[in-house]
Amino acid sequence: MHKLVCFNLLIVLCWTSFAQSNPISITSDSIGLKEVITLIEQQTGTHFSYNSQDLPTRSLQLAIHESSMDVVLKEILQPFFLSAEQVKDNFYLIKKINQFYIQTYDANNTPLPFSTIEIQNTSTGTITNQDGLTRLTLSDPYRSSLIVSFVGYQSQVVDLSTVGYQDTIKVFLKLSVRELSEIVIEYLNKGIATNADASKISINPQELQVLPGLAEQDVLLSAQLLPGIQSNDESASGIHVRGASRDQTFYYWNNIPIYNPAHYFGNISTFIPASVSSLDIYKSYVPVQYGGAASGLFLAKSRKPDNQLMAEANFNMTHADVFVGSQLPKSLGQVMIAARRSYNDLLVTPTFDAMTSKIFDGSTTALYQTQLNDGFDYNSHISFADYNAAWDVDFTPKDHFQLSYLFSNGRLDFNSKDEEEIGETNQLNNTRNKGFGGSWKHLWTSHSSSTLEFTRTNYEQEYTNIISESFNNYQYLETRRNDLTNNELRLTQTFHINEKHHFDIGLQQNWYTTRLKTYSEDMIENETEVYENEQVANAAVTSFFSEWSGVFGEKWKTSFGQRVSTLSNDQNFYFAPQAKLSYQLTNNLLLKTSAGIYHQFLTGADEIDFTLSNTPEQFWMLGDTEERFSMIQNNQINLGGVFSNRIWLIDMEMYSKRVTGLDARKISLLLDPYFDGEEQIYGLDLLVKRQWKNWNTWISYTYQYSSSEIREADLKEINSQYNIPHWLQLVTTYEKNSWELSLGYTIRSGRPYTKALATEKHQSDEGTTYLELVYDQVNSSRLPTYNRLDFSCWYHFVHRSNKFRTDIGFSLLNLTNYKNTFDRRYIISDDENTPEIIENDYLLYSITPNLSLRIKI
């Protein structure tokens, strides 16, 4: 009996094995799925159970030759979102596949995050995650269709009956007509691009090619190669856009305002290159969503890690920085942290020596010491540190959240003595900029989204000067403190009406507090004279804004916006309309124009009376409040065109600006800052670029004419200190294999200054006689023509593992060591019998080397 049972079991097992391994062959040009299942049952002895309503009526075309059961079942069932489950031995159950993944891409195979997936003819749908991926569960996938859409791309209907089941269904969307107009093109070099209407220029430091005079990818110094964006003092923070003063350009990092954009008295930008993904530059107009900047806007965005772990370290001859970014587990988003610190308080390099000479040689400190003795010596310990952090996370497929933090700190400890140690000068300077911000974006539908942003920024500057003379027991002490707090809230609602038109409406609220406190002690012998003053201003600025943008046909693109602002301490409304229009005349030629009115409620006033360096200190105060500083208004119009093809790029734009509410010191440092001035500026920006296989060569030219007026001082048609009629830059870059080389030459008109002609005696109320300088007409003279030749070289090491990359950079500023003069000022000698006018020149960079090393993982 036992043997009989074993024999029967062996027969069953053999039969089952035979049924499963028996090859299947089916060939037909048109056969139904039921017929195919019947043939499989006949050839293999298997049995299938199914709901006949689940089987489609569509015929199949098959050519199966001796294939296994698993292969055949996948081929005949998966096109209909069906699968076969082996229940027992040779019995199978056919059932629906209800779950699958879908992922959206653009034409370049880049995922499209937060795409909308809707089930056609229903009210249900979902949103993909930041990788463009989502999982769908459908009751009957085979008989369903999906509508896949993404803002700026053509919507696509996906008929799942024609796609069939796949683990991940990939959908590639095409750009809509509206998005086609936003395609960026290379502008100067790789890493510097513009959109099609040339209204915005973007710098990507991670892709940036070599530029003359730069050993690393400093975004603010790179921006100065663009026409219309210059710095008279060769600094990163001294940028003036189209003849405007430096405080009329605002800077943001992840929408956090930055009020000290550079360290080392403006020579190194506070933006850590490794932490920046892009810097968007606006010089023709300021987007309506960002109020407060009268002439220029620089928007930096944090870098987002695209791997599980990214790390980078950079070293040069003034500072070092590190960057770490990572994708967090369990859908917790991604985080980046960057830190930077100078080390010249520990190690002095030739680069630091050149910067120190530029900052202090010929300064008021040097002049003071010269009066005591022919020689003097100084020690300057300058240090700075920056910290950036950002966290991005998608709490739901429709909600994106970002938190950002930045901290920037600079410190100067300066001491100088004459050779005989009779006179001594000390200065302590601390500057801090702290900011925290958050943003939340919610997608209501594929055509509607809301964005809420909040930031808090604290700017603090404090410096103390002490001047002492041992021979007459004299000491002068002064402290200056400037505080600025800005709480900023912005709510924006966006409506994508269709693929060609969208509309933004929003509210921006700023709560400002500014404080300027001055304290001084003037002590000689045993008598001390004390002076103390404090100016505090508070104001809330409320602004409503709206903007409509649209594309007509394939050639016209328009944008109309309006901003209405009011201050808490006055009853006025400030209207700021703006418009932008472009027309694609031919495939290679674009015409463009824009116009707008811009208001600025914060004023950065220059102070030279108490600083001991060559760089004027800047303190921030509110305009149109109880204090004397006025609100700045800029009325601007631009007209130009862009020609581009595979080889040439020509961008020309003319502009006219009328700026009112300027404090007079913006026009000349010799004038009273509490006088109001206005300025009319006309200019032209021209860029001509020629591209070869390995070469990029361009000419950047700016013409600017400005005429200023200060009614309170009865001054008319005078030059401002930013009036540089001609500014020409010639640049060439070469790239081959691992080498990048760049050479650049800059020549420009000399800066305006006011010449001292003679001295004049005056008598004080106490009866003492003193001398004053008699000046020529304000800014009626010009310094010598400026010339500078710069060189840079980068070499890239790519390791075999492709996990590491090392870059070495070398640069030389002012290769010919030309003596360029930034300013010329005067004092009167102490010789009572034959007083003389002492002329002092402020010199810019001498030949300045720099070396950098970057390691990326």
- Message: Any donor-acceptor pair under 3.5 Å linking the side-chain atoms of Gln289 with those of Arg490?
- Response: no
- Query: Taking the six-membered ring of Phe323, is the NZ or CZ of Arg303 close enough (under 6.0 Å from the centre) and on axis enough (within 45°)?
  - Reply: yes
- Step through the shown structure and confirm whether more than 12 heavy atoms of other residues, nucleotides or ligands are within 6.0 Å of NZ on Lys190. no
- Task: Looking only at non-hydrogen atoms, find the nearest pair between Thr455 and Pro257 and report the distance.
- Result: OG1-CD, 3.8 Å
- Side-chain donor/acceptor of Gln230 to backbone N/O of Thr702, under 3.5 Å: no
- Task: Determine the interplanar angle of the Tyr701 and His726 rings, folded into 0 to 90°, and report it as parallel if under 30°, tilted if 30 to 60°, perpendicular if over 60°.
- Result: parallel
- Item | Minimum-distance pair of heavy atoms, taken over all atoms of Gln600 and Ala294 | OE1-N, 3.0 Å
- Query: Where does the angle between the aromatic ring planes of His263 and Phe384 fall among parallel (under 30°), tilted (30 to 60°) and perpendicular (over 60°)?
  - Reply: parallel
- Pairs where residues 273-282 contributes a residue and the test side chain to side chain donor-acceptor pair (under 3.5 Å) is met, not counting sequence neighbours: Ser202-Asp280, Ser275-Asn388
- Message: Checking Tyr459 against Asn482: is there a side-chain donor and acceptor pair closer than 3.5 Å?
- Response: no
- Heavy-atom closest contact (Arg854 atom, Pro205 atom, distance): NH1-O, 4.4 Å
- Message: Is it the case that the side chain of Lys283 and the backbone of Ser199 share a donor-acceptor pair, with hydrogens and angles ignored and the cut-off at 3.5 Å?
- Response: no
- Message: Test your reading of the model: is there a side-chain donor-acceptor pair from Gln206 to the backbone of Gly191, 3.5 Å cut-off?
- Response: no
- Item | Steps toward salt bridge (Lys or Arg N to Asp or Glu O under 4.0 Å) verdict (Arg456, Glu488) | CA-CA 6 Å; Arg456 177 179 174 84; Glu488 186 168 305; over 6 Å; no
- So, is the end of the Arg751 side chain (NZ or CZ) under 6.0 Å from the ring centre of Phe822 and within 45° of the ring's axis? yes
- Do Tyr405 and Phe436 have ring centres separated by under 6.0 Å? no
- Message: Could you go through Asn409 and Tyr387, starting from their C-alpha distance and side-chain angles, then the distance that decides it, and tell me whether this counts as side-chain hydrogen bond (donor to acceptor under 3.5 Å, both in side chains)?
- Response: CA-CA 9 Å; Asn409 180 69; Tyr387 305 98; over 6 Å; no
- Item | Side-chain donor-acceptor pair present, Glu453, Ser439, cut-off under 3.5 Å | no
- Message: Between Leu812 and Phe810, does the side-chain contact (heavy atoms from CB on, under 4.5 Å) criterion hold? Intermediate values first, please.
- Response: CA-CA 7 Å; Leu812 278 175; Phe810 174 73; 3.8 Å; yes
- Polar side-chain atom of Asp233 near backbone of Ser235 as donor-acceptor pair, under 3.5 Å: yes
- Check: Gln248 and Ile632 side chains under 4.5 Å, non-hydrogen atoms: yes
- Out of curiosity, Ile268 CD1 to Thr351 OG1, how far, rounded to the nearest 0.5 Å? 8.5 Å
- Message: Looking at Thr821 and Leu783, would you say the former's side chain and the latter's main chain have a donor-acceptor pair under 3.5 Å?
- Response: no
- Task: Would you tell me whether Asn430 and Glu462 have side-chain atoms, one donor and one acceptor, within less than 3.5 Å of each other?
- Result: no
- Considering only heavy atoms from C-beta outward, does the side chain of Leu211 approach that of Val731 to under 4.5 Å? no
- So, Asp386 versus Ser408: side-chain donor-acceptor pair below 3.5 Å or not? yes
- By side chain to side chain donor-acceptor pair (under 3.5 Å), which residues pair with Tyr598, not counting sequence neighbours? none
- Query: Is the backbone of Arg665 close enough, under 3.5 Å, to the side chain of Asp663 for a donor and an acceptor to pair up by distance?
  - Reply: yes
- Query: Got a second to check how far Ser852's OG is from Asp218's CG, nearest 0.5 Å?
  - Reply: 11.5 Å
- Roughly how far apart are Phe352 CZ and His319 NE2, rounded to 0.5 Å? 13.5 Å
- Query: Should Asp247 and Gln618 count as side-chain neighbours, where that means a heavy-atom distance under 4.5 Å?
  - Reply: yes
- So do Asp823 and Tyr753 actually touch side chain to side chain, heavy atoms under 4.5 Å? yes
- Assess whether side-chain hydrogen bond (donor to acceptor under 3.5 Å, both in side chains) is satisfied between Gln461 and Arg481, documenting all intermediate values. CA-CA 6 Å; Gln461 184 188 55; Arg481 182 179 177 91; over 6 Å; no
- Between Thr518 and Arg480, is any side-chain donor less than 3.5 angstrom from a side-chain acceptor? yes
- Query: Which atoms form the tightest heavy-atom contact between Ser269 and Leu220, and what is the distance?
  - Reply: CB-CD1, 3.5 Å
- Answer yes or no for Arg432 and Phe407: cation-pi contact, defined as NZ/CZ to six-membered ring centre under 6.0 Å and angle to ring axis within 45°. no
- Message: For the backbone of Asn814 and the side chain of Asp790, can you confirm whether one donor and one acceptor N or O come within less than 3.5 Å of each other?
- Response: yes
- Item | CA sep, side-chain torsions, deciding dist, call: Gln217, Ser222, side-chain hydrogen bond (donor to acceptor under 3.5 Å, both in side chains) | CA-CA 7 Å; Gln217 295 85 348; Ser222 301; over 6 Å; no
- Message: Can you confirm whether the side chains of Asn314 and Glu312 place a donor and an acceptor under 3.5 Å from each other?
- Response: yes
- Rounded to the nearest 0.5 angstrom, the CD1-NE2 distance for Ile724 and His240 is 6.5 Å
- Trp253 to Ala389 - nearest heavy-atom pair and separation: CH2-O, 3.6 Å
- Ignoring hydrogens and angles, state whether a donor on the side chain of Ser720 or Glu679 is under 3.5 Å from an acceptor on the partner side chain. yes
- Between Asn510 and Asn486, does any side-chain donor sit less than 3.5 Å from a side-chain acceptor? yes
- Do the side-chain N and O atoms of Lys301 and Asn254 include a donor-acceptor pair separated by under 3.5 angstrom? no
- Query: Should the ring pair Trp620 and Tyr259 be called parallel, tilted or perpendicular, given that the plane angle runs from 0 to 90° and is split at 30 and 60?
  - Reply: perpendicular
- No-hydrogen, no-angle side-chain donor-acceptor test under 3.5 Å, Thr733 and Asn189: yes
- Task: Please report the shortest heavy-atom distance between Pro227 and Tyr187, naming the atom on each side.
- Result: CG-OH, 4.5 Å
- Task: Run the numbers on Ile229 and Ile281 for side-chain contact (heavy atoms from CB on, under 4.5 Å), then give the verdict.
- Result: CA-CA 10 Å; Ile229 298 178; Ile281 299 172; 3.5 Å; yes
- Query: To the nearest 0.5 Å, what is the distance between OG (Ser237) and CD1 (Ile258)?
  - Reply: 12.5 Å
- Between the side chains of Gln704 and Arg242, is a donor N or O closer than 3.5 angstrom to an acceptor N or O? no
- Query: Is there a donor-acceptor pair under 3.5 Å between the side chain of Ser342 and the backbone N or O of Asn344?
  - Reply: no
- Item | From OG1 (Thr513) to CG (Leu622), nearest 0.5 Å | 8.0 Å
- Item | Lys/Arg cation over aromatic Tyr786: Arg748, 6.0 Å, 45° cone | yes
- Message: For Gly213, is there any backbone N or O sitting under 3.5 Å from a side-chain donor or acceptor partner on Ser792?
- Response: yes
- Task: Please determine, by modelled atom types, if Tyr290 and Asn255 share a side-chain donor-acceptor pair under 3.5 angstrom.
- Result: yes
- Lys517 side-chain N/O to Thr479 backbone N/O, donor-acceptor pair under 3.5 Å: no
